[in-house]
Amino acid sequence: MSNEQPKIPQATAKRLPLYYRFLKNLHASGKQRVSSAELSEAVKVDPATIRRDFSYFGALGKKGYGYNVNYLLSFFRKTLDQDEVTEVALFGVGNLGTAFLNYNFSKNNNTKIVMAFDVDERKVGTEVGGVPVYHLDELEDRLHEGIPVAILTVPAHVAQWITDRLVQRGIKGILNFTPARLNVPKHIRVHHIDLAVELQSLVYFLKNYPLE
Ligand code: ATP
């Protein structure tokens, strides 16, 4: 992100990709402006939060006019570095890893998985979704500075060991899909997505906090 960009709160930053995707669709359909109520309905964020978020971007909606779609889009594009593709490495070409490789985020995102690693000899040397699969032994040789992000879809018991090697290699962020809690130095960001826990929690909320 460029230094000229205003500093925006983390909670706001997390909503940016959501806004961006919706605005891109609006733009594609030829819409020039959008109200916070319309946006709110589409992205399921309340209008007050949207207005506050957008005020950080210097986008002040006008009453009865709404927000200028082009202005917002160019702001998001700059802020999210849409012109710059971030390369990602994936570890563990199992069921989940294979799904990510086939999906590869490229349709609506600025990230691209460029290589994958596994230890299974039947997978090493193949390509999945056009992405080459290397042996984990090659991690240090293959993973270079241009790849700041790793996705972990390996069994939990090897997650920390791989993480330590990634840290040594200068990785900056890890998207951890294993149930393992990872220890990393402070300057490394880990986002943890435990699908089983997310699903259980949804079921729990459905049972205990039913919506109207
Ligand atoms: P998933 O959990 O994605 O559904 P799965 O059930 O097919 O996968 P897992 O046992 O979870 O299989 O393993 C995921 C993948 O991680 C497999 O392809 C496996 O070969 C690979 N794997 C196992 N150990 C390592 C390791 N040390 N480094 C890299 N990959 C590994």
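Both counts, for ligands and for their atoms, begin at 1 and track the order of listing.
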(message) Could you tell me, atom by atom, which parts of ligand 1 come under 4.0 Å of a heavy atom of K123?
(response) 17 (C), 18 (O)
(request) Starting from atom 14 (C) of ligand 1, find the nearest protein heavy-atom neighbour and note its residue, name and distance. (result) T153 O, 3.5 Å
(message) So for F177, does at least one of its heavy atoms come nearer than 4.0 angstrom to any atom of ligand 1?
(response) no
(message) Could you tell me, atom by atom, which parts of ligand 1 come under 4.0 Å of a heavy atom of V93?
(response) 15 (C), 18 (O)
(request) For D120, counting its heavy atoms only, list the atoms of ligand 1 lying under 4.0 Å from any of them. (result) 20 (O)
(message) Counting non-hydrogen protein atoms only, what is the nearest one to atom 9 (P) of ligand 1? Give residue, atom name and distance.
(response) P155 CG, 4.0 Å
(request) With heavy atoms of V154 as the reference, note each atom of ligand 1 found under 4.0 Å away. (result) 16 (O), 29 (C), 30 (N), 31 (C)
(message) Taking the six-membered ring for Trp, are Y20 and F22 closer than 6.0 Å centroid to centroid?
(response) no
(request) Before giving the answer on salt bridge (charged side-chain N to carboxylate O under 4.0 Å, His left out), spell out for E38 and K31 the whole-Å C-alpha distance, their side-chain angles and the decisive distance to 0.1 Å. (result) CA-CA 12 Å; E38 276 175 284; K31 259 197 109 166; 2.5 Å; yes
(message) Among V119, T98, L96, which one puts a heavy atom closest to atom 25 (C) of ligand 1?
(response) V119
(request) Identify the two heavy atoms, one from A89 and one from L143, that lie closest to each other, and give their separation to 0.1 Å. (result) CB-CD1, 3.6 Å
(message) Could you identify the single nearest non-hydrogen protein atom to atom 20 (O) of ligand 1 and state the distance to 0.1 Å?
(response) D118 OD1, 2.6 Å
(message) Suppose we measure from atom 1 (P) of ligand 1 to each protein heavy atom; which comes out shortest, and what is that distance?
(response) N95 N, 3.6 Å
(message) Between D164 and Q168 (side chain of the first, backbone of the second, donor and acceptor by atom type, cut-off under 3.5 Å), is there such a pair?
(response) no
(message) Applying side chain to side chain donor-acceptor pair (under 3.5 Å) to Y134 and D141, what does each step give before you reach the verdict?
(response) CA-CA 10 Å; Y134 301 123; D141 289 337; over 6 Å; no
(message) Quick one: does any side-chain atom of R189 pair with a main-chain N or O of G173 as donor and acceptor, under 3.5 Å?
(response) no
(message) For atom 15 (C) of ligand 1, what's the nearest protein heavy-atom neighbour? Residue, atom name and distance, please.
(response) G94 N, 3.6 Å
(message) Within ligand 1, which atoms have a heavy atom of W161 less than 4.0 Å away?
(response) 27 (N)
(request) Name the orientation class of the two ring planes belonging to F75 and Y71 (parallel below 30°, tilted from 30 to 60°, perpendicular beyond 60°). (result) parallel
(message) If you apply the rule salt bridge (charged side-chain N to carboxylate O under 4.0 Å, His left out), what do you find for E140 with R165, and how did you get there?
(response) CA-CA 8 Å; E140 281 74 14; R165 289 171 66 178; 3.0 Å; yes
